[in-house]
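Structure first, commentary second.
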Amino acid sequence: MIDAINKEVENFLSSIINNKKNINSVMEKCSTAISDDLSKGHITTNVCMIAASILKVNPKKLADDLKIRLEEINKFDKVETAGPGFINVSLKREDFASIINLINKSKNSFGSSKARKENKVQIEFVSANPTGPLHVGHGRGAAYGDAIARILESTGASVEKEYYVNDAGRQIDILTASVILKLIKNDINNYFPENAYKGEYIDEIGKKLGQEVNVDDFKSLSTSDYKNPEEEIDNIIYELEKLNKESWNLIKNLSLKEIVKSIEDDLKAFNVNFDKWFYESSMGKVDDETSDIATSINKLKKDGHAYEKDKAIWLNTDISGDDKHRVLVRDNGKTTYFASDVAYHKNKIDRGFDKLINVWGADHHGYIKRIEASIENLGSSKNKLVVKLVQFANLFKDGKKIKMSTRSGEFFTLKNLIEDIGSDAARFYYLSKQADQHLDFDLDLAKSDSKENIFYYIQYAHARIVSLEEKVVDKYSDIKRNITNINNGNYIECDNLIHEISKFPDIVNKSANSLQPHVIIYYLKDLSQLFHSFYNDNHVLSESEENMQSIMECLTAVKQVISNGLNLLGITPMQKM
RNA sequence: GCGCCUGUAGCUCAGCUGGAUAGAGCAACUGCCUUCUAAGCAGUGGGUCAGGAGUUCGAAUCUCUUCAGGCGCGCCA
């Protein structure tokens, strides 16, 4: 029906505007959509106000003219002008109610579209260093990345979810050293450097490796005084590696494997599954000329974007407006983390994605420009890359902020969170606010049984409908489903619900275009509110059988929309509460 | 100093590609369970949309500016 209006609007515009370009511009800017609520008809358009600003005429006058045209095509129940120049269209009842049948026929696919079928999208998210368990900060990135993957997929994109494993840098050496030191602690007087990882998980990895590795050679480690913690840990790594290179590498690989496995398990428990785990180490080392990392650096050098200065190799990042040039290869010959990332993004682009979405912690925002520069310098367009920043989440329990301290190894992990409130509630609250804004996450609220807990409020609506469906079948085992009494206007109590569910496809598109899952959450809250209100005002089981047939068709559609919305967020709808 | 984000009801937040009287929950007060799940519903009160200027027929929304808060600015990852 919106299409029918749009078609007539276009005819109308071409009769008053003689410039094709201006017509297109008006069509693009104006909005013809489901109205906010029924007091404004079913469908509303602001096209007259947009056109008026170009034509410099009175928008109300345009609206009066368009109204007459819309009435002439005889497809609608009522056409009205309103306010400064809106046109509100009321549909015929059977057109209005037809959405119920559409939803119940489309089922899971209602709300999805093919709007962006050409888009091959890659989303890289979480990508936490594999040096410890995921904490609640990572959880937010995980919930967000996974949700936008689902939402984009439902709007026709082909999405690949990828985790970038930083397994090549110094952090992994520190991890390895930490594990070894824990294993030999009795032989070295419980010596433990300040900068090593201290968490319990280090002991656990040690225990798991116990039989498989031989740590005797490491026991002769000499511990002397160091000037600072940084130097200390670097020297310990150097010494340990020298004592037994083979064991070192074995422990390194096994520790990494353990950690990645535990990260993967935590994410699975969080209903997040990656399509690909990309290892930084798979891009090789700079001294191997055929490696990804060497070829990208060499290409940058050859094209004059990278140069040598003070024995280091620098990338010229002027093209993106970065404040200074960045080091790719240090004066000691080792590549930087940035060099890996340059090669990684080249790798991603070479894999042929139309769009790359990086979900990063907000503390990385200063990093965006240099990556954009590298993409441009490697001959691609930085417009392919979209970086979404995710702010940290503060957790509150008993009204107090939960302290995060990574160094000591004592922190509230994602696993703790899932055990505490469940994966679904955790995902829901992570997604309840725009990702790039600070989130105060109240654990007590997430478990509370009041309306303030929107998660349960929405689930409750779903569960209530499930329960009603069962009760109705108990009463009339052979009840037929149809919407006759809604179509003929004998039953109008569902109208608000019908109007609300018809908005869902627009909501999904809006969420996809803006990459904002919280749009869906607020919509589901509104829909649930209308449902609970309906439920209190109308005792379904006391209705006539004919009314009930219609009501249940409508409520099944409502249930379907809630379910589809929750699924886009990676949340399982509750059948019972 | 530079960059990014934020400032909307007492509190927590929606609304921000400009549009119809600025919304919701909580908290306060008042009603609704002999009937489908009260984790519910209905109602009342509560706002200089941080301040100022500009663009516009129209600004919480766009621009500039001031103030306040958060984060980031390594040859770390």
Side-chain angles (χ1 to χ4, degrees), chain A residues 28-29 31 35-36 39-40 44 46 49-50 52-53 56-60 82-86 88 127-129 131 166 168-172 174 230 280 309-314 321-324 326-341 361-369 389 391-392 432-434 436-440 442 445 448-461 463-472 474-475 510 513-514 518-519 521-523 525-526 528-529 531-543 548 574 576-577:
Chain A
E28 222 165 86
K29 276 191 199 163
S31 141
S35 67
D36 297 341
S39 67
K40 297 169 183 170
T44 187
N46 64 354
M49 282 160 342
I50 304 291
S53 69
K56 305 281 176 207
V57 296
N58 185 342
K60 284 187 178 174
F86 289 102
N88 296 335
S127 299
N129 280 337
T131 55
N166 297 128
R170 177 166 167 264
Q171 301 299 322
I172 297 302
I174 300 179
E230 294 287 322
E280 181 184 1
K309 189 183 126 196
D310 302 335
K311 291 184 183 166
I313 295 172
W314 297 72
D322 196 13
D323 6 19
K324 56 184 163 193
R326 306 290 173 174
V327 171
L328 291 165
V329 185
R330 285 179 266 235
D331 57 8
N332 65 10
K334 287 193 175 175
T335 50
T336 58
Y337 170 83
F338 175 53
S340 292
D341 234 4
D363 51 338
H364 284 66
H365 82 82
Y367 203 80
I368 298 172
K369 284 195 168 156
L389 298 176
Q391 285 285 358
F392 271 112
S432 66
K433 203 176 166 185
Q434 221 163 311
D436 64 352
Q437 290 178 24
H438 292 274
L439 171 72
D440 287 338
D442 186 338
L445 170 65
S448 78
D449 52 0
S450 74
K451 186 178 175 179
E452 198 179 358
N453 185 349
I454 317 170
F455 172 67
Y456 280 107
Y457 185 73
I458 294 168
Q459 293 282 21
Y460 189 32
R464 269 182 154 174
I465 298 176
V466 172
S467 166
L468 263 185
E469 285 175 330
E470 288 165 0
K471 291 250 160 48
V472 166
D474 282 350
K475 193 168 178 183
K510 192 178 167 195
N513 291 335
S514 59
H518 80 283
V519 169
I521 285 188
Y522 281 91
Y523 167 76
K525 193 209 75 184
D526 289 343
S528 301
Q529 182 149 27
F531 166 74
H532 287 305
S533 180
F534 168 85
Y535 185 89
N536 267 269
D537 292 346
N538 302 279
H539 194 263
V540 178
L541 293 181
S542 319
E543 289 290 342
M548 206 185 296
M574 290 183 174
K576 207 171 224 153
M577 285 176 70

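All chains are named by letter (A, B, ...) in the order of the sequence lines, taking the proteins before the strands, and each is independently numbered beginning at 1.
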N or O in side chain of [X] less than 4.0 angstrom from [N] OP1/OP2:
X	N	result
A:Lys451	B:G40	no
A:Ser31	B:U17	no
A:His518	B:G15	yes
A:Gln437	B:C5	no

Between [X] ([atom1]) and [N] ([atom2]), how many Å, whole number?
X	N	atom1	atom2	result
A:Tyr535	B:A38	OH	C1'	10 Å
A:His365	B:G70	NE2	P	15 Å
A:Met577	B:A39	CE	P	9 Å
A:His532	B:A24	NE2	P	16 Å
A:Gln391	B:C4	CD	C1'	9 Å
A:Lys525	B:G25	NZ	P	7 Å
A:Phe531	B:A38	CZ	C1'	14 Å
A:Glu452	B:A14	CD	P	15 Å

Same-atom distance ([atom1]) from [N] to [M], integer angstrom:
N	M	atom1	result
B:U61	B:A50	C1'	16 Å
B:U8	B:G47	P	15 Å
B:G25	B:A39	C1'	14 Å
B:A60	B:G19	P	10 Å
B:G58	B:A20	C1'	11 Å
B:C4	B:G43	P	45 Å
B:G45	B:U6	P	33 Å
B:C67	B:A28	C1'	33 Å

Counting the atoms with a prime plus P, OP1 and OP2 as sugar-phosphate, which does [X] contact under 4.0 Å by heavy atoms, base, sugar-phosphate, or nothing?
X	result
A:Lys433	sugar-phosphate
A:Ser467	base
A:Tyr457	sugar-phosphate
A:Ala463	base
A:Asp341	nothing
A:His438	sugar-phosphate

Quick one: list whatever passes side-chain contact (heavy atoms from CB on, under 4.5 Å) with [X], sequence neighbours left out.
X	answer
A:His365	A:Ile368, A:Leu389
A:Lys309	A:Tyr307, A:Trp314
A:Asn129	A:Thr131, A:Asn166, A:Gln171

Considering only nitrogen or oxygen atoms on both sides, find all protein atoms under 3.5 Å from nucleotides 19-23 of chain B and state each distance.
from: B:A20; atom 1: N6; to: A:Thr44; atom 2: OG1; distance (Å): 2.8
from: B:A20; atom 1: N6; to: A:Asn88; atom 2: OD1; distance (Å): 3.4
from: B:A20; atom 1: N1; to: A:Asn88; atom 2: OD1; distance (Å): 3.2
from: B:A20; atom 1: N1; to: A:Asn88; atom 2: ND2; distance (Å): 3.1

field: A:Gln529 or A:Lys471, whichever maps to the more 5' nucleotide of RNA chain B
entry: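 Nearest-nucleotide comparison on RNA chain B picks A:Gln529.
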query: Toward the 5' end of RNA chain B, which comes first, A:Lys369 or A:Asp449, by nearest nucleotide?
result: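 Closest to the 5' end, via its nearest nucleotide, is A:Lys369.
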- prompt: Considering only heavy atoms and no angle criterion, is a donor-acceptor pair shorter than 3.5 Å present between the side chain of A:Asn536 and the base of B:G40?
  reply: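 Pair found.
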task: Write out the stems for RNA chain B, ordered by first number and formatted as range with range, counting runs of at least 3 consecutive Watson-Crick or G-U wobble pairs under 3.5 Å.
output: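 If one scans RNA chain B for consecutive Watson-Crick or G-U pairs, the stems found are B:1-7 with B:67-73, B:10-13 with B:23-26, B:28-32 with B:40-44, B:50-54 with B:62-66.
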query: Does B:C33 fall in syn (glycosidic angle within 90° of 0) or anti?
result: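 What B:C33 shows is a syn base, its glycosidic angle lying within 90° of 0.
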Side chain to side chain, A:Phe531 and A:Ile458, heavy atoms closer than 4.5 Å: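 Side-chain contact under 4.5 Å: no.
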Considering residues at least two apart in sequence or located in another chain, which fulfil the side chain to side chain donor-acceptor pair (under 3.5 Å) criterion with [X]?
X	result
A:Arg330	none
A:Asp442	none
A:Thr44	A:Asn88

For [X], ring-ring contact (aromatic ring centres under 6.0 Å, His included) partners two or more places apart:
X	answer
A:Tyr457	A:His532
A:Tyr456	none
A:Tyr523	A:Phe504

message: Around atom OH of A:Tyr337, are there more than 12 heavy atoms from other residues, nucleotides or ligands closer than 6.0 Å?
response: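 Count over threshold, so yes.
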message: According to a cutoff of under 5.5 Å between the ring centres and under 30° between the ring planes, does A:His539 stack with the base of B:C36?
response: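 Ring-base stacking flag set for A:His539 and B:C36.
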- prompt: Between A:Asp310 (side chain) and A:Ala312 (backbone), is there a donor-acceptor pair under 3.5 Å?
  reply: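 No, A:Asp310 side chain to A:Ala312 backbone: no donor-acceptor pair under 3.5 Å.
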- request: Taking all heavy atoms of A:Gly321 and all of A:Lys369, pick out the closest pair and write down the distance.
  value: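 A:Gly321 and A:Lys369 have their closest heavy atoms at O-CD, 3.7 Å.
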- request: Please report the shortest heavy-atom distance between A:Lys471 and A:Leu541, naming the atom on each side.
  value: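 In terms of heavy atoms, the two residues are closest at CB-CD1, 4.0 Å.
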Polar atoms only, N or O, under 3.5 Å: list the protein pairs with nucleotides 74-77 of chain B and their distances.
from: B:G74; atom 1: OP2; to: A:Lys324; atom 2: NZ; distance (Å): 3.4
from: B:C75; atom 1: O2; to: A:Asp331; atom 2: N; distance (Å): 3.0
from: B:C75; atom 1: O2; to: A:Asp331; atom 2: OD1; distance (Å): 3.2
from: B:C76; atom 1: OP2; to: A:Arg330; atom 2: NH1; distance (Å): 2.2
from: B:A77; atom 1: OP1; to: A:Arg330; atom 2: NH1; distance (Å): 3.4
from: B:A77; atom 1: OP1; to: A:Arg330; atom 2: NH2; distance (Å): 2.9
from: B:A77; atom 1: OP2; to: A:Tyr337; atom 2: N; distance (Å): 3.1
from: B:A77; atom 1: O2'; to: A:Asn129; atom 2: OD1; distance (Å): 3.0
from: B:A77; atom 1: O2'; to: A:Asn129; atom 2: ND2; distance (Å): 2.7
from: B:A77; atom 1: N1; to: A:His364; atom 2: NE2; distance (Å): 3.4

